Amino acid sequence: MRLKELLHYTYIFPILAVGYYFSGFMGSGVFNDILAGILLIGSVLSAVHHAEVVAHKVGEPFGTIILALCITIIEVALIISLMVAGGDQAITLARDTVFAAVMLILNGILGICILAGGFKYHEQFFARTSATTYLVSIVSILILTLVLPNFTSSVNGPFYNEAQLIFISIACLVIYGVFLMVQTVRHRSYFIVPDEHPEEHYIPSLPKTLISFIFLVICLVIVVLMAKGLSDTIEGMVQSLGAPKSLVGVIIAAVVLLPEGVAAIRAARANQIQSSLNLALGSALASIGLTIPAVSAVCIMYDIPLVLGLDKKDIILLSLSVFIVMLSLSRGKTNVLYGTVLLVNLAAYIFTVIVP
């Protein structure tokens, strides 16, 4: 690669962010936190760029799978580190984080993509079979992990016992594993829209792709670390506004999901709604299908209680979101109304977090 390319902001921002994070300046003043926020946003935009480079090289649906898996693995690492450090005080952390991520993806990312694409193109078309495949897997895992614990009787409360946790973890991994096989091998055509102008797309070289993949991982790691480092500042801001502490988890989840969100919205604006769906729904499925088994394993090893069941209000909001997404994606085409309704659902979720 030429020196001019290496001086691009997508390489500069991650390096500056890593240096700033390890300098120890974060959390030492308002100006320093603002600077950290700028570097964080720059790293998010850099992650989107490098993810697109990798996606152009490996093609769909592998490009979107790589971004979804990278962010999910880092999200899992963040949750586990906080749970191990927090002990019994963090028993709801995994549930709250996964629920916030799913609600932000299904209503926020998907809603903005549909709305942005609808404004620009009126209607956008995608493969209904892909949406059905995603939603079948997502709905099954959501019910097994976030709803069913409220109705089991082996343990009082929204818990699973050890045997149930093991079973549910295996079930999640089986569903996600078979889904990946369907997406990448047996029915790969479900998730790809034929390109009418393939000659217009630039295919990066292998060295540039490898460098972009390395910087993609660096960007995702530093985004999560800086979000974690700014959590105390965010918590103080939330408390000063008189909002519940649970809003902090929503804000941090939103920051972690920014790379996927920006990439999905850019794809929708480029009339590639299938790529947007692959990113959004694939992220939701990976977020819950991989996070719960990993967290369950840690909780069993460290004997940490794990609350999984949602309360009645959250179950209603989750059911509403899933139902609206299923209706919105049932016809294979989108319009601005679907996106608007999803964003209203998101607003209702965030409002009830602030005003329970």
Side-chain angles (χ1 to χ4, degrees), residues 47 50-80 94 97-98 101-102 104-106 109-110 113 126-146 165-195 209-210 212-213 216-217 220 256-257 259-261 263-264 267 272-297 322 325-326 329:
H50 293 301
E52 289 178 343
V53 172
V54 174
H56 282 310
K57 184 65 176 180
V58 302
E60 288 294 338
F62 297 102
T64 53
I65 291 174
I66 288 173
L67 182 56
L69 287 179
C70 283
I71 290 181
T72 302
I73 290 170
I74 296 168
E75 179 186 357
V76 168
L78 177 60
I79 292 173
I80 290 175
T97 304
V98 168
V102 169
L104 289 171
I105 292 169
L106 293 184
I109 295 176
L110 200 57
C113 288
F126 58 89
R128 285 184 295 175
T129 47
S130 68
T132 302
T133 306
Y134 278 118
L135 291 172
V136 164
S137 306
I138 290 172
V139 171
S140 177
I141 295 178
L142 282 174
I143 298 299
L144 289 174
T145 56
L146 299 181
L165 270 180
I166 293 172
F167 172 79
I168 293 301
S169 298
I170 294 172
C172 290
L173 293 174
V174 168
I175 291 173
Y176 188 72
V178 174
F179 170 82
L180 279 184
M181 183 267 293
V182 167
Q183 186 181 26
T184 58
V185 181
R186 290 187 70 89
H187 301 288
R188 185 181 173 190
S189 60
Y190 289 0
F191 306 89
I192 302 174
V193 174
D195 194 346
T209 303
L210 291 175
S212 286
F213 180 74
L216 171 61
V217 174
L220 296 176
V256 173
L257 291 170
E260 288 171 301
Q272 298 172 352
I273 193 65
Q274 185 66 61
S275 294
S276 297
L277 291 180
N278 290 347
L279 273 167
L281 297 179
S283 298
L285 181 57
S287 177
I288 192 168
L290 297 179
T291 300
I292 298 301
V295 171
S296 297
V322 171
V325 169
M326 292 175 70
L329 302 182

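Just so it is clear, the model here is predicted, and its values are computed rather than measured.
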**Report entry** I141 CD1 to L173 CG distance, which is reported to the nearest 0.5 Å
**Finding:** 8.5 Å
Report task. Would you give the length of the straight line joining atom CG of L104 to atom CD1 of I109, rounded to the nearest 0.5 angstrom? Result -> 7.0 Å
Query raised in the report: Taking S276 for the side chain and A264 for the main chain, is one N or O donor matched with an acceptor at less than 3.5 Å?
Result: yes
Requested in this report: Please name the pair of heavy atoms, one in Q274 and one in F191, separated by the smallest distance, quoted to 0.1 Å.
Outcome: CG-O, 3.5 Å
Query raised in the report: How long is the gap from NZ on K57 to CG on L210, to the nearest 0.5 Å?
Result: 9.0 Å
Query raised in the report: Below 4.5 Å, heavy atoms only, C-beta onward: do L329 and L281 meet side chain to side chain?
Result: yes
Query raised in the report: How close do L220 and A47 get, heavy atom to heavy atom, and via which atoms?
Result: CD2-CB, 4.2 Å
Query - Atom of L165, atom of S296 and distance for their closest heavy-atom approach - result: CD2-OG, 3.4 Å
Query raised in the report: Looking at I175 and S140, what are the two nearest heavy atoms and their distance?
Result: CD1-OG, 3.4 Å
Query raised in the report: When rounded to the nearest 0.5 angstrom, what is the spacing between CG in L290 and OG in S169?
Result: 11.0 Å
Query raised in the report: In Å, rounded to the nearest 0.5 Å, how long is the span from OG1 of T133 to CG of L285?
Result: 10.5 Å
**Report entry** Heavy-atom pair with the smallest gap, counting every atom of I288 and P293
**Finding:** O-CD, 4.1 Å
**Report entry** Selection residues 172-187 - residue pairs positive for side chain to side chain donor-acceptor pair (under 3.5 Å), sequence neighbours left out
**Finding:** Y134-Q183, H187-Y190
Query raised in the report: T145 and C172: which non-hydrogen atoms are nearest, and at how many Å?
Result: CG2-SG, 3.6 Å
Query raised in the report: In Å, rounded to the nearest 0.5 Å, how long is the span from CG of L277 to CG of L135?
Result: 9.0 Å
Query raised in the report: Does some side-chain heavy atom of M326 sit less than 4.5 Å from a side-chain heavy atom of V322?
Result: yes
